[in-house]
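Single-structure report; data block below.
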Amino acid sequence: MLPLLQYPSQAVAKPYFITAIGLFVGQILFGLIMGLQYVIGDFMFPAIPFNIARMVHTNLLIVWLLFGFMGAAYYLVPEESETELHSPLLAYLMFWIFLIAGALTIAGYLLVPYATLAEMTGNNLLQTMGREFLEQPLPTKVGIVVVALAFVYNIGMTILKGRKTAISMILLAGLIGLAVLFLFAFYNPSNLATDKYFWWWVVHLWVEGVWELIMAAILAFVLIKITGVDREVIEKWLYVIITLALVTGIIGTGHHYYWIGAPAYWQWWGGVFSALEPLPFFAMTVFCFNMVNRRRRQHPNKAATLWALGTGVMAFLGAGVWGFLHTLAPVNYYTHGSQITAAHGHLAFYGAYVMVVLTIISYAMPILRGRECNPERAQVLEMWSFWLMTVSMVFITLFLTGAGILQVWLQRVIDNPQPFMAVQDQVRIFYWLRELAGLVFLIGLVLYLVSFFVKDKPQTVAVNDVQPAAT
Amino acid sequence: MSAFFTKSRARNIFYGGVVFSALLFLALTFHTIRKMPQRDHRENLTAEVVRGKHLWETRNCVGCHTILGEGAYFAPELGNVYKRRGPDFIKAWIKVQPTGVAGRRQMPQFHFSEQQLDDIVAFLKWTSEINTENWPPNIEG
């Protein structure tokens with residue numbers, strides 16, 4: 001029934017991908033609500049206060065990317081290991097546990113006051129809630145650990161019994177790192193300074209550390225498939241990229257330690273190493289274009305190729321260039337915690353992690369649906385959605401950067417610095433433009449969804465028509 | 001180049017680089033942890049401050065505000081709000097929320113007791129005394 005799927009157990013990836021896309025839609029809707037709250041302050045208050053919308057927006061992002069990573073692993077590891085998945089049943093079971101835990105958590109955010117939710121879910125036993133991105137109730141955090149361990153076990157056993165490739169080993173290393181570093185989410189000292197210091201061990205060492213391993217492995221897998229370039233070449237590139245990523249990224253954690261009470265020397269350690277963090281992303285861009293240029297086959301899935309190239313470029317721009325803009329301590333002294341940070345966050349997450357998940361979905365989903373690639377019309381639509389989402393995200397970033405530069409100037413640089421809200425009122429135009437760009441993003445996302453259901457027009461050739469002669 | 005720079009060589013550089021970076025990071029962390037007590041003045045971490053942090057977290061303050069520059073960018077920086085506004089203003093401000101002014105950003109009402117308000121203020125006071133290398137650049141945060 002699925003002639004193209006090399007190993008039937010790869011099919012467990014499908015519900016993971018579908019859920020990822022569904023949660024992505026939710027994330028964008030809540031992003032639009034927040035964007036409007038930036039200009040119409042009391043929009044939806046008190047039903048959905050800004051902080052609740054933001055929790056839903058960021059937590060949905062994290063959860064759908066994790067669904068995407070897990071789907072990617074379930075899809076590519078059997079193929080890399082040349083064996084069936086260790087336990088498809090466990091993968092399905094974990095899918096439902098993760099989905100139900102995630103849904104209950106979001107429902108909890110929206111329906112119960114946060115303080116009540118904390119009390120209901122045993123936050124007093126072990127206080128872990130109320131820290132940015134780690135707002136999840138204790139049972140959800142425990143659930144994440146259980147799902148991550150079962151997942152790593154399942155993937156690990158599959159790799160152990162089969163062929164061990166650099167791609168699958170690096171993916172596994174990234175996933176183990178993800179699971180282990182999340183354990184710091186349970187460490188919350190009452191000293192805010194040390195709390196922050198180790199909070200970054202989850203947040204920074206995820207997105208500027210182990211997630212880059214996962215991302216590079218997924219990209220390498222897709223590039224082998226769509227370009228037919230020799231595995232030796234691709235895997236050598238892969239090692240170079242992840243070496244650059246971790247050597248710059250681990251010490252680069254220091255760029256978060258400038259102003260939180262840690263010693264001043266972090267301004268040097270963090271500055272120098274994080275200034276080099278664009279390198280792995282630049283290498284990824286060169287890697288993608290190089291491999292596509294040296295392709296040995298013309299893969300019919302043009303949309304997947306576009307996503308792969310786009311990931312390289314946008315990750316470099318968002319994570320690399322926009323990160324570099326404000327990573328040096330003398331600059332960060334003024335920009336820290338401003339809209340510049342928000343601008344960087346948006347383009348970095350979209351360019352690196354959203355796009356790499358959409359790349360693997362674009363490549364794997366047609367095969368999971370029993371065909372090598374989508375019909376021409378579906379691919380054209382998907383490529384339209386690529387451009388709409390990507391360009392509008394660039395504009396969101398540019399508008400937030402504009403807002404940020406003005407904010408920094410008015411609030412932190414000029415002789416008579418103005419209060420926060422006075423400054424916010426003066427940069428409203430940028431927030432309106434950002435919301436507009438957000439709506440274009442939503443249109444792109446809707447086209448993306450539609451592209452899954454588009455079929456080619458049946459070829460009708462009327463028998464009586466005179467065929468035009470070739471000239 | 002490809003004859004010299006083989007895949008296994010690339011892999012070895014990866015292992016070496018990661019082990020070196022991780023050890024260096026751990027060493028710096030070890031040193032930082034030893035230095036932090038002089039910078040965060042943890043001797044002043046009273047029961048009030050600890051309860052204040054708990055209130056800060058369970059009301060998800062960081063969902064709108066930044067504290068030492070981290071959090072959401074929807075509402076003012078609060079790492080130095082104790083110095084900017086003082087204890088009485090902070091308590092009065094929290095008590096009158098939401099302002100209900102049409103079109104303005106709104107902060108929820110948390111129904112804090114006097115004790116809880118004092119705890120929050122203690123937490124913000126302690127936070128404002130952390131040595132942050134003079135961040136933020138001025139009192140506006």
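Each chain gets a letter, A, B and so on, in the order its sequence line appears, and its residues count up from 1.
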Check whether B:Ile130 gets within reach of chain A through its side chain, its backbone, both or neither, counting any heavy atom under 4.5 Å. side chain
Can you tell which part of B:His65 gets under 4.5 Å to a heavy atom of chain A, answering side chain, backbone, both or neither? neither
Given A:Tyr257, which of A:Tyr265, A:Trp266, A:Trp199, A:Phe198 fulfils the ring pair (Phe, Tyr, Trp, His ring centres under 6.0 Å) condition? A:Trp266
Greatest number of heavy atom pairs closer than 4.5 Å to chain B - which of A:Phe133, A:Phe43, A:Trp201, A:Phe273: A:Trp201
The interface call for B:Val49 against chain A, heavy-atom contacts under 4.5 Å, is neither
Measuring heavy-atom distances to chain B, does A:Phe45 have an atom under 4.5 Å in its side chain, in its backbone, in both, or in neither? side chain
Interchain contact, B:Ile13 with chain A, by part (heavy-atom threshold 4.5 Å): both
Counting only non-hydrogen atoms closer than 4.5 Å, does A:Ser338 touch chain B with its backbone (N, CA, C, O), its side chain (CB onward), both, or neither? backbone
Need one label for B:Ile139: side chain, backbone, both or neither, based on atoms under 4.5 Å from any heavy atom in chain A. neither
At a heavy-atom separation under 4.5 Å, does B:Phe20 approach chain A through its side chain, its backbone, both, or neither? neither
Within 45° cone of B:Phe74 ring axis and under 6.0 Å: B:Arg105 NZ or CZ: yes
Looking only at A:Val247, A:Leu192, A:Leu246, most heavy-atom pairs under 4.5 Å shared with chain B are made by A:Leu192
For B:Asn131, is it the side chain, the backbone, both, or neither that has a heavy atom closer than 4.5 Å to a heavy atom of chain A? backbone
Is the gap between the ring centers of A:His326 and A:His336 under 6.0 Å? no
Under 6.0 Å between ring centres, would you say that holds for B:Tyr82 and B:Trp126? no
Answer with yes or no whether the side chains of B:Glu77 and B:Trp135 bring together a donor and an acceptor at under 3.5 Å. no
Heavy atoms only, distances under 4.5 angstrom: which of A:Thr194, A:Asn124, A:Thr243, A:Asn191 has the most pairs with chain B? Name it, please. A:Asn191
